[in-house]
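Atoms within a ligand are numbered from 1 in the order they appear, just like the ligands themselves.
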Amino acid sequence: MGKKSFFEPISGFELPRFAGMPTFMRLPHVDLNHDKITEVDIGIIGAPWDAGTTNRPGPRHGPRQVRDMSTMIRAQHGVSNLRPFDLKNCADLGDIAPNPASLEDSLKRIESYFSKIKDLNILPLTVGGDHLCSLPILRSLSKTEPVGLIQFDSHTDLFHSYFDGQMYTHGTPFRRAIEENLIDPKRTVQVGIRGTNYDNEDRDFAKSEGIRIITIEEFFERGIPDVISEVKSIVGDEKTYLSYDIDFIDPAFAPGTGTPEVGGPNSFQALDVVRKLNGLNLIGADVVEISPPFDPSGGTAFLGSSVLFEILCIMVK
Ligand code: MN
Ligand code: MN
């Protein structure tokens with residue numbers, strides 16, 4: 001072991017993992033006013049906001065439970081032996097402050113926060129929050145040029161509007177992102193899509209724009225290596241954002257989410273899809289829709305933190 005760096009997570013040999021104040025993966029807490037902020041390479045950020053939720057709310061409580069459960073994570077990857085914290089300066093940047101009484105203001109607050117992150121050259125790894133959080137993040141990160149998108153989800157989140165013409169919900173972020181030229185539809189791929197539908201409006205839009213949808217049936221028929229190799233070829237070497245909705249995973253393994261769909265991947269497969277995604281040109285990533293009120297045991301948040309760690313391991317390379 002080398003010399004101890006400020007950015008190293010607290011080891012379980014130094015302070016037991018059940019002790020101390022929980023930050024993401026026991027990393028140092030470095031907010032935007034901290035004098036070490038300019039040294040951060042990768043920032044893990046909480047977005048405790050779920051005003052886009054149309055059915056069962058709760059992801060506003062996600063970041064806090066994920067921080068708690070993420071203290072279970074050790075510094076070395078179990079398969080590759082990679083030690084991400086030795087390679088990049090990682091820190092818990094704390095939470096964005098949304099406006100709990102205003103959706104519009106919260107969208108602005110999240111966008112302005114991530115513009116600062118972008119100016120600081122920090123690679124953001126965000127913990128939601130519901131899936132509408134991804135829209136203001138993309139508004140700041142890909143303002144100047146559209147990026148590719150890899151989305152693990154059981155839903156497309158490509159709907160035009162919901163309930164009397166509401167344009168901003170967790171079912172519409174990527175429709176808005178395409179309208180606003182934040183993501184390139186030809187470099188957008190959605191994996192794990194399944195479940196009952198109101199209609200085919202989202203799928204028709206995807207088809208007309210050239211978005212690639214890999215349904216769960218195709219996912220299981222072809223297998224993970226083949227599917228992930230296609231995902232990589234769709235986004236290529238250009239800038240790409242990764243968005244991981246926890247409802248991609250089967251509710252037997254991730255019950256703590258607002259819009260579960262049965263017939264999904266297990267927890268091994270949930271991690272394996274990310275592990276096989278190495279070599280991307282990522283500009284940021286998020287894990288969203290973890291809803292602690294629907295899983296007080298914390299199992300979903302633990303799986304979510306494990307997905308975060310897998311993403312971190314592909315981000316440092
Ligand atoms: Mn989603
Ligand atoms: Mn979903």
Notebook entry, point to check: Which N, O or S atom name in His131 marks its closest approach to the Mn ion (ligand 1)?
Noted result: ND1
Check: In terms of hydrophobic clusters joined by side-chain contacts under 4.5 Å, are Ile214 and Phe174 together?
Finding: no
Note to self: Can you tell whether the side chains of Glu111 and Lys118 come within less than 4.0 Å, N to carboxylate O?
What the structure shows: no
Note to self: Restricting to N/O/S atoms, is Asp245 within less than 2.8 Å of the Mn ion (ligand 2) or not?
What the structure shows: yes
Notebook entry, point to check: Side-chain heavy atoms under 4.5 angstrom apart, residues restricted to Ile, Leu, Val, Met, Phe, Trp, Tyr: same cluster for Ile234 and Phe152?
Noted result: yes
Notebook entry, point to check: Which side-chain hydrogen bond (donor to acceptor under 3.5 Å, both in side chains) pairs, counting each pair once, include a residue from residues 12-37, with sequence neighbours left out?
Noted result: none
Notebook entry, point to check: Do Asp50 and Arg60 sit within salt-bridge range, that is, some charged N less than 4.0 Å from a carboxylate O?
Noted result: yes
Next item on the list: May I ask you to check if any N/O/S atom from Glu261 comes under 2.8 Å of the Mn ion (ligand 2)?
Entry: no
Margin query: Closer than 2.8 Å to the Mn ion (ligand 1): does that hold for any N, O or S atom in Asp157?
Written below: yes
Check: Looking at the Mn ion (ligand 1), which N/O/S atom of Asp153 is the nearest one?
Finding: OD2
Check: Any N/O/S of His155 under 2.8 Å from the Mn ion (ligand 2)?
Finding: yes
Check: So which of Arg194, His155, His131 actually passes side-chain hydrogen bond (donor to acceptor under 3.5 Å, both in side chains) with Asp247?
Finding: His155
Check: In Asp247, which N, O or S atom comes closest to the Mn ion (ligand 2)?
Finding: OD2
